[in-house]
**Q** 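One structure, pasted below without further comment.
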Amino acid sequence: MRSVTRPISRSRFDIIAGYARTPAVYRIAKEVAWFESGSAEVVGTVIIDIDGEYSGVVLASDLAGRYRWVHQTSFVPSQLQAERLLVASIADASQDFDRVRVQGDEAAPVDFFTPATKSSTLHPTFKMLSDDESFVAARRVIELMMRWYRDQDGNFVEQFQSAGFDARIWELYLFATLIEAGFAIEQPRPAPDFKAIGLDGSFCVEATTLNPSQDGTAAPRPSIDSSAHDIDAYLQHYLPIRFAGPLLSKLAKRYWEHPDVDGVPLAFAVQDFHDALSMTYSVTPLSVYLYGLVFDETRDGLGRLHQTVTPISHHAWGTKKVESGFFNLPDAEHVSAVIFNGAGTIAKFNRMGVATGFGSDKVDLVHTGVRLVGEPPAPTEFSARVTSGYVEAWIDGLNVFHNPRAVNPLDVPGHEVGGVSGLVKGENL
């Protein structure tokens, strides 16, 4: 008996099989419809090529769990004809799944969830991800992703399950975002973390994180009752100093001298995990540290926006003092940009999973936050229930801070994501 084949969204197809694409497909064809078998072991997409003809491409989960090409239909003049051919081909592949799935070159994938460390050292969020039904959607997204991810350091799984969980989630987020933006990914050894290869060029990404203080000197986040002076000091001095630590450490490693980086743009991707919800406040302090400039916005009685920019020479907090303006430092011209996304956390994985049909009926998610709305854009609070079909992209919330002194500027476009070129969406400075 043939399994039922059903249409699915582009975002669900991307979660399942998007890692199998190569950048060349964006130049020769456009995907217009997506389908999966009842068991989701076989999926397919209808494409229209540059001659205006339609065809269906069938992919099946190979012996390692990676979705790979197994069949392509003939070209036909209409999308409806191509869909019918594709549905039949998916059904045929499902019937003969044990044979067609064999590629002959399968390598064992990395398994993120089989215990690789003592239970006493497991990170609390990893334990929730593994065992809590509230995170079943995120777990499924990561299970599909891990079939394609390479453990370049040899300790990814152990760190993912223990003290390095936040840093490894940040790397997985970057991996998903680069794939979504239409790049093929290499993971050079020993560094940097990623080389993104597109039709119009390549660039490298090295990931880093702000982590909890180990010496008990972390500053408490100001409350809503804090004075303006305390809030300004926290945002203009404490947080920039925290960003300086990992960014200066990465700068000292001179990644631009590695063979895989030579002559291509290099971006540092930083995420703030030093305190609970700390990334909520981090984007402005990061920009202050990178450019050595304090940006201030006010609105007059008519609602008109006024902006002022004031240079800042250094950041001081207690006994610590660092020079401001990371992009102005010696050797920083080799860093093309710094990437940040306060939403690049496990919650994003959970929302993406629920939105693409991998959630539990027993779990309700609500996404709340602040987005820019209007012209000129103004911060506006929002709240939305996350259900199957909820629209969100990996790249949403991404900030790319460009270095005006870069030897190799980061101007490598990806394909269109929600109508916006990949790795350009967000705050671009």
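No hydrogens, no waters, no symmetry mates; every other heavy atom, side chains included, goes into these values.
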**Q** Decide yes or no for Leu122 and Thr117: does some side-chain heavy atom of the first lie under 4.5 Å from some side-chain heavy atom of the second?
**A**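 They are in side-chain contact.
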**Q** Looking only at atom types and distance, does a side-chain atom of Thr208 sit under 3.5 Å from a main-chain N or O of Val270, one as donor and one as acceptor?
**A**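 Checked: no pair found.
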**Q** Could you check if a side-chain atom of Phe401 sits within less than 4.5 angstrom of a side-chain atom of Val283, using non-hydrogen atoms only?
**A** yes
**Q** Should Asp166 and Asn211 count as side-chain neighbours, where that means a heavy-atom distance under 4.5 Å?
**A**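 They are not in side-chain contact.
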**Q** Among Leu210, Val335, Leu290, whose side chain to side chain contact (heavy atoms under 4.5 Å, CB included) with Leu247 holds?
**A** Leu290
**Q** According to salt bridge (charged side-chain N to carboxylate O under 4.0 Å, His left out), does anything in residues 277-290 pair up with another residue at least two apart or in another chain? List the pairs.
**A**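 Of all non-adjacent pairs touching residues 277-290, none passes salt bridge (charged side-chain N to carboxylate O under 4.0 Å, His left out).
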**Q** Please report the C-alpha distance between Phe340 and Gln271 in whole Å, then the side-chain angles of each, then the deciding distance to 0.1 Å, and finally whether the side-chain contact (heavy atoms from CB on, under 4.5 Å) criterion is met.
**A** CA-CA 6 Å; Phe340 175 83; Gln271 175 61 297; 3.3 Å; yes
**Q** Search all heavy atoms of Ser336 against all heavy atoms of Pro409 and return the closest pair with its distance.
**A** CB-C, 4.3 Å
**Q** Does any N or O in the side chain of Trp170 come within less than 3.5 Å of the main-chain N or O of Ala269, such that one atom is a donor and the other an acceptor?
**A**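 Here the side-chain-to-backbone pair exists.
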**Q** Applying ring-ring contact (aromatic ring centres under 6.0 Å, His included), can you list everything that pairs with Phe165, at least two apart in sequence or on another chain?
**A**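 Expected list: His123, Phe160.
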**Q** Compare every heavy atom of Ser287 with every heavy atom of Thr284, then report the nearest pair and how far apart it is.
**A**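 Smallest interatomic distance, heavy atoms only, reads O-OG, 2.7 Å.
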**Q** Can you list the residues that meet the side chain to side chain contact (heavy atoms under 4.5 Å, CB included) rule with Arg147, with sequence neighbours excluded?
**A**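 Arg147 satisfies side chain to side chain contact (heavy atoms under 4.5 Å, CB included) with Arg66, Pro109 once adjacent residues are dropped.
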**Q** Suppose we screen for ring-ring contact (aromatic ring centres under 6.0 Å, His included). Which residues come up paired with Phe349, at least two apart in sequence or across chains?
**A** Trp394
**Q** Quick one: ring-ring contact (aromatic ring centres under 6.0 Å, His included) partners of Tyr149, sequence neighbours excluded?
**A** Phe156, Phe175
**Q** Once salt bridge (charged side-chain N to carboxylate O under 4.0 Å, His left out) is applied, do any residues pair with Asp411, and if so which ones, sequence neighbours excluded?
**A**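 None.
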**Q** Would you say Tyr173 and Thr177 are linked by a side-chain donor-acceptor pair, where the criterion is simply a distance under 3.5 Å?
**A** yes
**Q** Passes side-chain contact (heavy atoms from CB on, under 4.5 Å), Ile185 versus Val205? Steps please.
**A** CA-CA 10 Å; Ile185 307 299; Val205 179; over 6 Å; no
**Q** For a quick test of reading the model, state the closest non-hydrogen atom pair linking Ser282 to Pro285 and the distance between them.
**A** O-CD, 3.3 Å
**Q** Taking C-beta and beyond as the side chain, do Arg101 and Leu63 meet within less than 4.5 Å on heavy atoms?
**A**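 When only atoms from C-beta onward are counted, Leu63 and Arg101 do touch, with a gap below 4.5 Å.
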**Q** Could you check whether any side-chain N or O of Lys348 sits under 3.5 Å from a backbone N or O of Asp396, counting only pairs where one atom can act as donor and the other as acceptor?
**A** yes
**Q** Looking at Ala17 and Tyr67, what are the two nearest heavy atoms and their distance?
**A** CB-CB, 3.7 Å
**Q** Counting C-beta onward and ignoring hydrogens, is there a side-chain heavy-atom pair between Asp49 and Ser55 closer than 4.5 Å?
**A**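 The answer is no; the side chains never approach within 4.5 Å.
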**Q** Within this structure, what is the CG-CG distance for the pair Leu398 and Asn341, rounded to the nearest 0.5 Å?
**A**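 Those atoms lie 5.5 Å apart.
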**Q** Are the side chains of Phe183 and Ile197 in touch, meaning some heavy atoms are under 4.5 Å apart?
**A**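 With C-beta onward as the side chain, the pair stays apart.
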**Q** Would Arg12 and Phe358 count as a cation-pi pair here, with the cationic atom under 6.0 angstrom from the ring centre and within 45° of the axis?
**A**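 Because its charged atom sits under 6.0 Å from the ring centre and within 45° of the axis, Arg12 does stack over Phe358.
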**Q** Just so I know, are the side chains of Met145 and Phe112 near enough to count as touching, which here means a heavy-atom distance under 4.5 Å?
**A** no
**Q** Give, for atom CD of Gln161 and atom CZ of Phe113, the distance between the pair rounded to the nearest 0.5 Å.
**A**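 If I round to the nearest 0.5 Å, the distance is 8.5 Å.
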**Q** Which is it for His237 and Ile312 under the side-chain contact (heavy atoms from CB on, under 4.5 Å) test, yes or no, and what are the steps along the way?
**A** CA-CA 10 Å; His237 293 282; Ile312 184 171; 4.1 Å; yes
**Q** In chain order, what residues pass the side chain to side chain contact (heavy atoms under 4.5 Å, CB included) check against Ala244, with sequence neighbours excluded?
**A** Leu248, Tyr289, Val322
**Q** Less than 4.5 Å apart, any side-chain heavy atom of Tyr54 and any of Glu83?
**A**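 No; the side chains remain at least 4.5 Å from each other.
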**Q** Under the 3.5 angstrom rule, does the side chain of Ser249 hit a backbone N or O of Gly245 as a donor-acceptor pair?
**A** no
**Q** Between Ser324 and His315, what is the shortest heavy-atom contact and its length?
**A**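 Reported closest heavy-atom pair: OG-NE2, 2.7 Å.
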**Q** May I ask you to decide if Val42's main-chain N or O and Ser37's side chain share a donor-acceptor pair within less than 3.5 Å?
**A**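 A pair under 3.5 Å: yes.
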**Q** Not counting sequence neighbours, list each pair that qualifies as a salt bridge (charged side-chain N to carboxylate O under 4.0 Å, His left out) and has a residue in residues 17-29.
**A** Asp14-Arg21, Arg21-Glu31, Arg27-Asp200
**Q** Quick one: does any side-chain atom of Asp193 pair with a main-chain N or O of Ala207 as donor and acceptor, under 3.5 Å?
**A** yes
**Q** With sequence neighbours left out, what residues match Asn155 under side chain to side chain contact (heavy atoms under 4.5 Å, CB included)?
**A** Asp153, Gln159, Arg168
**Q** Under a 4.0 Å N-O cut-off, is there an ion pair linking Arg68 with Asp105?
**A** yes
**Q** Applying side chain to side chain contact (heavy atoms under 4.5 Å, CB included), name anything that partners Val70, two or more places apart in sequence or on another chain.
**A** Val58, Ala60, Gln103
**Q** What distance do Ile50 atom CD1 and Ile28 atom CD1 have between them, rounded to the nearest 0.5 Å?
**A** 8.0 Å
**Q** Just verifying a value: how many Å separate Thr310 OG1 and Asp296 CG, rounded to the nearest 0.5 Å?
**A** 7.5 Å
**Q** Keeping Thr45 on the side-chain end and Val57 on the backbone end, is there a donor-acceptor pair under 3.5 Å?
**A** no
**Q** Considering only distance and modelled atom types, tabulate donor-acceptor pairs under 3.5 Å from the side chains of residues 125-136, sequence neighbours left out.
**A**
residue : atom : partner : partner atom : Å
Ser130  : OG   : Phe126  : O            : 3.0
Asp132  : OD1  : Ser134  : N            : 2.8
Asp132  : OD1  : Ser134  : OG           : 3.1
Glu133  : OE2  : Ser360  : OG           : 2.7

**Q** If you measure from CD on Glu36 to CZ on Phe13, what distance do you get to the nearest 0.5 Å?
**A** 10.5 Å
**Q** Give, for atom CG of Leu178 and atom CD1 of Ile395, the distance between the pair rounded to the nearest 0.5 Å.
**A** 8.5 Å
**Q** What do the steps show when you test Leu86 against Thr5 for side-chain contact (heavy atoms from CB on, under 4.5 Å), and what is the final call?
**A** CA-CA 10 Å; Leu86 177 61; Thr5 299; over 6 Å; no
**Q** Could you report the tightest heavy-atom contact between Ser202 and Pro265, atom names first, then the distance?
**A**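 Shortest heavy-atom contact: O-CD, 3.3 Å.
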**Q** Taking distance alone, no hydrogens or angles, what donor-acceptor pairs closer than 3.5 Å link side-chain atoms of residues 364-382 to residues at least two apart or in another chain?
**A**
residue : atom : partner : partner atom : Å
Asp364  : OD1  : Arg385  : NH2          : 2.9
His367  : ND1  : Tyr390  : OH           : 2.8
Thr380  : OG1  : Ala378  : O            : 3.1

